[in-house]
Amino acid sequence: MLGMQGTVATFDAATRSGLLLLDDGTELPFPARAFDASGLRLLRLGQRVRVETDAAGGVVRVTLPTMS
């Protein structure tokens, strides 16, 4: 699923995982594999991101809104 956006609430560079705050106020954790799939090297707190999820709602990729 594409199109969800939010902001980075927490990010641990050591584990490459964190927590997003979606625009509707929902907190959504993301695992290292979703960060690794993005090609990014770092996320900053408060940074806007786009989220891709699987059919079960698990985060599979976290990217910047300007990336495809």
Side-chain angles (χ1 to χ4, degrees):
M1 170 188 263
L2 296 173
M4 290 194 308
Q5 291 192 14
T7 57
V8 177
T10 66
F11 177 69
D12 183 336
T15 64
R16 301 178 326 282
S17 61
L19 182 71
L20 305 174
L21 183 60
L22 300 181
D23 290 344
D24 68 1
T26 304
E27 292 183 343
L28 182 64
F30 65 92
R33 70 180 178 276
F35 175 74
D36 293 344
S38 73
L40 298 172
R41 295 169 49 123
L42 184 66
L43 289 173
R44 296 182 323 272
L45 298 184
Q47 187 171 18
R48 292 288 298 168
V49 293
R50 183 176 61 208
V51 182
E52 297 176 26
T53 59
D54 59 20
V59 179
V60 295
R61 191 171 175 212
V62 177
T63 61
L64 301 179
T66 57
M67 295 177 67
S68 339

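The figures that follow rest on heavy atoms only: side chains count, while hydrogens, waters and symmetry mates do not. Each residue takes its place number in the sequence, starting with 1.
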Of all heavy-atom pairs between [X] and [Y], which one has the smallest distance, and what is that distance?
{"X": "T53", "Y": "M4", "result": "CG2-CE, 3.4 Å"}
{"X": "V59", "Y": "P29", "result": "CG2-O, 3.6 Å"}
{"X": "S17", "Y": "A32", "result": "CB-N, 4.0 Å"}
{"X": "A37", "Y": "V60", "result": "CB-O, 3.6 Å"}
{"X": "L45", "Y": "A9", "result": "CD2-O, 3.3 Å"}
{"X": "L43", "Y": "F11", "result": "O-CD2, 3.6 Å"}

**OP:** Step through the shown structure and confirm whether more than 12 heavy atoms of other residues, nucleotides or ligands are within 6.0 Å of CZ on R48.
**Re:** yes

Original post:
Hey, quick one: are L21 and V51 part of the same hydrophobic cluster, counting side-chain heavy atoms closer than 4.5 Å, chains of contacts allowed?
Top reply: no

Subject >> ring pair (Phe, Tyr, Trp, His ring centres under 6.0 Å) partners for F30, two or more places apart >> reply: none

**OP:** Please answer whether the main-chain N or O of L19 pairs with a side-chain N or O of T10 as donor and acceptor at a distance below 3.5 Å.
**Re:** yes

Original post:
Taking atom OG1 of T7 and atom CG of L22, what is their separation to the nearest 0.5 Å?
Top reply: 8.5 Å

Subject >> Separation between CG of D23 and CD of Q5, rounded to the nearest 0.5 Å >> reply: 6.5 Å

Subject >> Chi angles and distances behind the side-chain contact (heavy atoms from CB on, under 4.5 Å) call for V62, E52 >> reply: CA-CA 6 Å; V62 177; E52 297 176 26; over 6 Å; no

**OP:** Would you mind checking if D54 and R61 are paired as a salt bridge, meaning a charged N to carboxylate O distance below 4.0 Å?
**Re:** no

